[in-house]
2 protein chains.
Amino acid sequence: MATRRHDPDRRNRIIEKTLEVIAENGVAGTTHRKVARRADVPLGSMTYHFADLDELLREALTLHAMRIAERHDARLSAAATLDELIEAIVDFIHVDVDGSPHELVLTLELYTLAARQPAFRAITHAWMQQSRRALERFVDAETAFDVDAIIEGLYIHASLDQLTRTRDSTARAIRRLLG
Amino acid sequence: MATRRHDPDRRNRIIEKTLEVIAENGVAGTTHRKVARRADVPLGSMTYHFADLDELLREALTLHAMRIAERHDARLSAAATLDELIEAIVDFIHVDVDGSPHELVLTLELYTLAARQPAFRAITHAWMQQSRRALERFVDAETAFDVDAIIEGLYIHASLDQLTRTRDSTARAIRRLLG
DNA sequence: CCACCATGTGTACGATCGTACATTAAGGCC
DNA sequence: GGCCTTAATGTACGATCGTACACATGGTGG
């Protein structure tokens, strides 16, 4: 029998690999066995570290949400003027759409779970709240909600439709929305 | 053995019931057996009418998309002035959010599939195209894209976050976006 | 150095699924 | 009215899954 690996952050690696499996196979196609294989971990290690599959999915998608939220925060923090704010928002949409197609899949999988299960809705709720709060450094709460919404809509529509939209037209929409 | 039922639009009823099953259990929890039970149809009838589960899902979600698209078209067609256009758009968001929570689930399930499978992306593509085209009766193509996007974003964020947003604040956002 | 206990692992079980396919019922045609 | 084509159905098979759980293992306190 293979000697047991001393493997301190095995738990984190499992979570990490879970995101890859979700991105490739969807939540529906994510199984203990697939994740275990990819993380190079015995099957029994799954139920040892996570009570059940749902807990694993929750932890993985929480990590996903927090990562994106923090990246957005970082972009906004760097902005000082209103023009830089607009530039940062345009980056949300265009850089992320072109950069990592995996993120769209993960985000939509999360939303889908959130629509039916409160435990996952808590994740999206915290995410959106953090996102709006970051925008509220620049604009009032109502406008922050609008801007956050159009970021979401543009991101989804541009990704799913694979239309080439110019940064300029996105910037125009944001500028209009800022009032 | 039960006599065979003469059942002319059994196929349509199956599709209809499939939408209910998806709404309740998600695509992942939608099985031949669950749909068959709900449509009061033998299991064998599933593979007789549909080549496989994917075909069933595609037909069901196509129906869902076309229904919403037509409802939106009808609302827009009734609008003559710009104010009525805005009112119609606000109805998209507020009436639909409050009215039928099932639709959010179905829509997000569709988007999730679309993010990974071209066959489902074709459904969302046709839907979005029809939606934009309806808006282009009132505004230029670029603005139509923006408005369509913010409808999407407001719909998702308002639904998932269950925030009570006033029709007025939504109307304000749309008015700003129209330029 | 040894015994014990927390940590980690392999396997097996019961459930569920998609789908194939042999079988049955129905109704038109002679 | 009987036959035969076609529409419809019931069942069974192989695969896969989540999870439980008995067992192995290695570090550690005595």
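The figures here come from the full heavy-atom set of this structure, side chains too, leaving out hydrogens, waters and symmetry mates. Convention: sequence-line order gives letters A, B, ...; per-chain numbering from 1.
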Original post:
Which pairs, with at least one residue in residues 21-34 of chain B and sequence neighbours excluded, count as a side chain to side chain donor-acceptor pair (under 3.5 Å)?
Top reply: B:Glu24-B:Arg38
Original post:
Where along nucleotides 16-21 of chain C does protein come under 4.0 Å, by heavy atom, of base (B) or sugar-phosphate alone (S), with - for untouched nucleotides?
Top reply: -BBB--
**OP:** Measure the distance from CZ on B:Arg13 to P on D:dA8 and round it to the nearest whole Å.
**Re:** 12 Å
Subject >> A:Glu103-A:Tyr155 side chain donor-acceptor pair, cut-off 3.5 Å >> reply: no
Original post:
If we only count heavy atoms from C-beta on, is the B:Arg13 to B:Val41 side-chain gap below 4.5 Å?
Top reply: yes
Original post:
Taking atom P of D:dA8 as reference, at what distance in whole Å does atom CG of B:Asp9 sit?
Top reply: 12 Å
Original post:
Could you state the OH-P distance from B:Tyr48 to C:dA22, rounded to the nearest angstrom?
Top reply: 17 Å
**OP:** State plainly whether one hydrophobic cluster holds both B:Ile156 and B:Val105, where clusters connect Ile, Leu, Val, Met, Phe, Trp and Tyr through side-chain heavy atoms under 4.5 angstrom apart.
**Re:** no
**OP:** Can you tell me the distance, in whole Å, between the CZ atom of A:Arg11 and the P atom of C:dT9?
**Re:** 15 Å
Original post:
Should the ring pair A:Tyr111 and A:Trp127 be called parallel, tilted or perpendicular, given that the plane angle runs from 0 to 90° and is split at 30 and 60?
Top reply: tilted
Subject >> Student check: side-chain heavy atoms of A:His157 and A:Arg165 closer than 4.5 Å >> reply: no
Original post:
Has B:Ser45 got a side-chain N or O lying under 4.0 Å from the OP1 or OP2 atom of D:dA8?
Top reply: no
